[in-house]
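These notes concern the structure reproduced below.
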Amino acid sequence: MALLGTLLLSYWGLPGPAWLLMSLALSAYAVTHGVAFVRPARSSILLFAAPIGFGFAGFASHPLGDAAKDVWYFSKPVVEIAFGLLMAAKLGVRRCLWVMIGAAAIVSLDYVVRVLLLLPEYLANSVGANRTLFGTGSFLSLLACVIALDPDLRRRLAFEAPLQVWALRVTVIVSLVALGLSRSRTLGVLLTLFVLLRAVRVVSRSGSARFASSLGLLTAGVLTLTLSWSGVAEIGSPESVLTPPEEVVVSDEYLTDTDVNTHWRGFESLMALLQYGSFGATQKVVGGGFGQKVELDKMRELAGEQFDAIPVLHNGFLYVLVKTGLAGELLFVAALASLLRALSPRRGEVTGPRVSATTAFWLVAALALTSMVISGPYNKSELLPLLILCGVYASMTAAGGQSPSTSPAPVIGA
């Protein structure tokens with residue numbers, strides 16, 4: 001129930017209670033059983049946690065509330081990955097995956113029903129208005145599709161009855177409908193990227209491996225650039241996916257308030273870079289500390305409120321840079337690299353069915369790509385399901401790829 005409750009609390013816009021629930025579960029288990037369960041991703045967790053040490057310097061020079069909020073954001077990937085490891089240790093991989101599928105069914109059905117109940121309004125609204133009214137979709141819907149498409153994860157569901165196969169099929173269908181209705185470019189690009197990676201993996205087993213791999217990598221590169229370009233402009237603007245970042249961070253693009261609003265994320269990134277440039281030598285290395293805000297050029301209205309500085313950024317890389325400096329940035333990149341190693345099967349260490357290296361790569365790529373547009377691991381609630389799955393996947397990899405069932409994976413479309 002702790003895993004399901006955490007996933008649903010996050011989806012319902014209650015990240016604080018979700019974080020508290022995870023923290024209490026981790027603390028209780030650590031006191032009674034120790035912390036051996038974190039071993040599969042221990043290095044990654046330590047690297048994600050390390051920048052917090054630099055940030056604590058901000059408590060002496062910034063308001064306590066602002067500094068404490070940054071501690072919470074920086075602790076999120078640590079707590080969420082560790083919670084995934086704990087759930088895998090307590091429940092097993094199979095039950096964790098089924099809980100995620102169940103949560104995906106709930107949130108996807110909720111999204112679809114809410115849209116259908118207000119369908120005329122949905123059809124009449126702009127994309128931005130619909131996102132405000134219905135939300136931007138859920139990573140749980142995305143993960144349901146990933147689990148169904150990954151043969152290794154699907155095998156670990158250990159289907160025991162035809163009803164379970166149909167439950168997965170229906171969940172995937174509803175999740176795809178929810179993803180389509182959400183019009184989320186981030187979720188759409190990540191799903192497309194996963195499909196392409198899986199296609200390259202399948203085709204590479206034939207004589208067309210070189211051609212297919214090259215085509216897949218080229219397509220993935222185009223999608224990556226599309227996602228990164230779209231992230232520096234305000235979502236919903238028609239020109240956002242066509243405007244490269246080096247153009248939207250030039251100050252001449254922001255001659256009017258309309259320009260700033262249209263390219264808000266690029267403007268926000270520019271202000272963050274200017275803020276970092278104003279730091280002294282020491283601050284450039286360790287950052288402004290927790291509570292450090294990014295000063296705006298003037299008082300601006302954001303979400304109906306007036307701000308002259310912003311505490312959190314859409315770009316997770318710049319968020320880390322401003323708060324913890326170059327040292328924190330390097331640790332963040334090292335944490336992503338360490339997580340990829342923790343998720344990837346090691347040659348010679350797998351005694352059972354090999355875990356999918358494709359999914360391991362996709363999970364870390366998703367964290368890196370979303371860091372450009374929605375803060376990645378430091379997002380308030382969106383990335384929670386993905387980070388928990390990282391913990392589950394790391395535990396599965398460390399177990400040597402052992403599968404709870406040797407029964408063949410069903411074909412979803414059969």
Side-chain angles (χ1 to χ4, degrees), residues 7 84 93-94 96-105 107-109 111 137-159 162 164-182 184-206 209 212-213 215-217 219-220 223-224 227 340 343-345 353-367 369-370 383 385-390 392-394 396-397 401 403-405 407-414:
L7 295 170
V93 171
R94 176 179 181 270
C96 286
L97 294 178
W98 274 116
V99 170
M100 287 190 161
I101 290 169
V107 303
S108 299
L109 185 61
Y111 194 94
S138 172
F139 271 83
L140 278 168
S141 302
L142 173 64
L143 291 186
C145 301
V146 168
I147 292 170
L149 289 168
D150 186 315
D152 184 69
L153 291 177
R154 199 165 67 245
R155 185 187 306 115
R156 289 165 199 280
L157 294 174
F159 295 92
Q164 292 178 323
V165 178
W166 281 104
L168 180 59
R169 289 172 175 168
V170 172
T171 298
V172 170
I173 292 172
V174 176
S175 295
L176 286 172
V177 173
L179 290 173
L181 292 174
S182 71
S184 170
R185 284 183 300 190
T186 300
L187 295 176
V189 168
L190 291 179
L191 178 59
T192 303
L193 178 60
F194 184 81
V195 171
L196 285 170
L197 290 171
R198 284 301 314 163
V200 169
R201 184 69 178 269
V202 171
V203 175
S204 66
R205 296 168 185 165
S206 69
S213 299
L215 180 61
L217 289 174
T219 307
L223 286 171
T224 300
L227 179 61
L340 177 60
L343 299 178
S344 301
R354 181 175 292 275
V355 296
S356 171
T358 299
T359 302
F361 174 79
W362 178 83
L363 283 168
V364 178
L367 290 177
L369 292 174
T370 56
L383 273 290
L386 195 149
L387 286 163
I388 290 178
L389 182 60
C390 283
V392 173
Y393 206 91
M396 182 173 65
T397 302
S403 177
S405 172
S407 58
V411 179
I412 298 304

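Along the sequence shown, residues are numbered consecutively beginning with 1. Bear in mind the structure is a predicted one, so any value in this text is a computation, not a measurement.
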I need the minimum non-hydrogen distance between Leu190 and Leu369, along with the two atoms involved.
CD2-CD1, 4.1 Å

Closest approach of Gln164 and Ala158, non-hydrogen atoms and distance?
OE1-O, 4.0 Å

Inter-residue atom distance Leu383.CG - Ile388.CD1, 0.5 Å rounding:
11.0 Å

Does any part of the side chain of Phe194, heavy atoms only, come nearer than 4.5 Å to the side chain of Leu142, both counted from C-beta?
no

For Val99, which residues count as a side-chain contact (heavy atoms from CB on, under 4.5 Å) partner, sequence neighbours excluded?
Leu3, Leu4, Leu7

Of Leu387, Leu386, Val107, Val146, the one forming a side-chain contact (heavy atoms from CB on, under 4.5 Å) with Phe139 is Leu386

Partner residues of Ala144 under the side-chain contact (heavy atoms from CB on, under 4.5 Å) criterion, sequence neighbours left out:
Ala104, Thr171, Ser175

How far apart are the closest heavy atoms of Val392 and Gly84, and which atoms are they?
CG2-O, 3.5 Å

Less than 4.5 Å apart, any side-chain heavy atom of Leu389 and any of Leu97?
yes

Side chain to side chain, Ser108 and Val177, heavy atoms closer than 4.5 Å
no

Between Ser344 and Ala357, is there a donor-acceptor pair closer than 3.5 Å when you use the side chain of the first and the backbone of the second?
no

Looking at Cys145 and Leu176, what are the two nearest heavy atoms and their distance?
SG-CD2, 3.6 Å

If I take atom CG from residue Leu149 and atom CZ from residue Arg154, how far apart are they, to the nearest 0.5 angstrom?
7.5 Å

Carefully, step by step, assess Arg156 and Asp152 under the rule salt bridge (Lys or Arg N to Asp or Glu O under 4.0 Å).
CA-CA 6 Å; Arg156 289 165 199 280; Asp152 184 69; 2.7 Å; yes

Euclidean distance, Tyr393 OH relative to Ser356 OG, rounded to 0.5 Å
4.5 Å

Ignoring hydrogens, what is the shortest heavy-atom contact between Trp98 and Leu157? Give both atom names and the distance.
NE1-O, 2.9 Å

Rounded to the nearest 0.5 Å, how far does OG1 of Thr358 lie from CG of Asp150?
7.5 Å

So, for Leu179 and Ser138, which heavy atoms are closest and what is the spacing to 0.1 Å?
CD2-O, 4.1 Å

